[in-house]
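Below: the structure, in structure tokens.
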Amino acid sequence: MNVYDVVRLIPKGRVTSYGAIAKYLGAPRSSRMVGWAMNASHNLTDVPAHRVVNRNGLLTGKMHFSDPNEMEDRLKREGVEIKDDKVLDFNRVYWDPSIELKV
DNA sequence: CCATTGACTTAAG
DNA sequence: CCTTAAGCCAATG
């Protein structure tokens with residue numbers, strides 16, 4: 001199991017945080033590495049990096065997309081409301097793998 | 001090998 | 001959820 005696998009498992013219209021993924025992978029303190037790993041995920045096509053935001057629901061990585069607007073646009077298309085580069089009603093759309101994917 | 005940097009998190013105010 | 005400070009881990013210079 002790696003970062004990309006978890007990201008791929010994120011349901012449509014839901015988002016999660018780097019820390020949550022890191023935690024699920026057994027490295028709760030390696031949230032930055034998750035983000036770093038995502039940076040390398042540009043080569044992969046089926047990795048919905050736009051569904052991964054920081055713990056505040058802020059679209060921190062939007063600028064790393066080919067087009068920054070694409071991230072929030074995709075999320076909006078999935079039913080996630082975005083305002084000021086942040087996910088509205090975050091606690092509702094938040095999808096924690098360590099809970100939802102719980103063994 | 002040491003220093004800097006970063007798609008981050010947590011704690012305290 | 002806003003701000004500031006400190007911690008973390010890996011890649012890069």
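We name chains A, B, ... by the order of the sequence lines, and we start the count at 1 in each one.
As a whole-Å value, the separation of A/M38 CE from B/dA7 C1' is 8 Å. Taking atom CG of A/N54 as the reference point, atom P of B/dG6 lies 16 Å away to the nearest angstrom. A/L58 has its CG atom 14 Å from the C1' atom of C/dT3, to the nearest Å. Between the CD1 atom of A/I10 and the C1' atom of B/dA7 there is a distance of 13 Å, rounded to whole Å. In this structure, NE2 of A/H42 is placed 8 Å from C1' of B/dA7, rounded to the nearest angstrom. Separating the CZ atom of A/R29 from the P atom of C/dC9 is a distance of 9 Å, rounded to the nearest angstrom. Note: OH (A/Y24) to P (B/dC8) measures 23 Å, nearest angstrom. Between A/M63 atom CE and B/dG6 atom P there is a gap of 11 Å when expressed in whole angstrom units.
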Please list every donor-acceptor pair under 3.5 Å in which a side-chain atom of residues 30-45 of chain A meets a protein atom from a residue at least two apart or in another chain.
from  : atom 1 : to    : atom 2 : distance (Å)
A/S41 : OG     : A/M38 : O      : 2.4
A/H42 : NE2    : A/H64 : O      : 3.1
A/N43 : ND2    : A/A40 : O      : 3.3

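Within 4.0 Å (heavy atoms only), A/H50 reaches no atom of the nucleic acid at all. At the heavy-atom level, A/N39 lies under 4.0 Å from base atoms of the strands shown. Note on A/A49: a base of the nucleic acid sits closer than 4.0 angstrom, heavy atoms only. Contact annotation for A/R55: base contact, defined as any heavy-atom pair under 4.0 Å involving a base atom.
Paired with A/R74 under the rule salt bridge (charged side-chain N to carboxylate O under 4.0 Å, His left out), one option of A/E78, A/E70, A/E72 passes, and it is A/E70.
A continuous path of Ile, Leu, Val, Met, Phe, Trp and Tyr side chains, each step under 4.5 Å between heavy atoms, connects A/Y18 with A/L101, placing both in one hydrophobic cluster.
You'll find that the side chain of A/S30 is closest to C/dC9, out of B/dT9, B/dA7, C/dC9. Distance from the side chain of A/W36 is smallest for C/dA11 among the nucleotides B/dT9, C/dA11, C/dC1.
For A/M33 and A/N56, each mapped to the nucleotide of DNA chain C holding its nearest heavy atom, the one lying further toward the 5' end belongs to A/N56.
Side-chain atoms of A/R14 come within 3.5 Å of backbone N or O of A/Y94 as a donor-acceptor pair.
For A/R32 against B/dC8, a side-chain-to-base donor-acceptor contact under 3.5 Å is present.
Distances shorter than 4.0 Å separate none of the side-chain N or O atoms of A/K23 from OP1 or OP2 on B/dC8. Regarding contacts with the backbone of B/dC8, a side-chain N or O of A/T60 is found under 4.0 angstrom from either OP1 or OP2.
Salt-bridge formation is not detected for the pair A/D73/A/K76: no Lys NZ or Arg NE/NH1/NH2 atom is positioned less than 4.0 Å from an Asp or Glu carboxylate oxygen.
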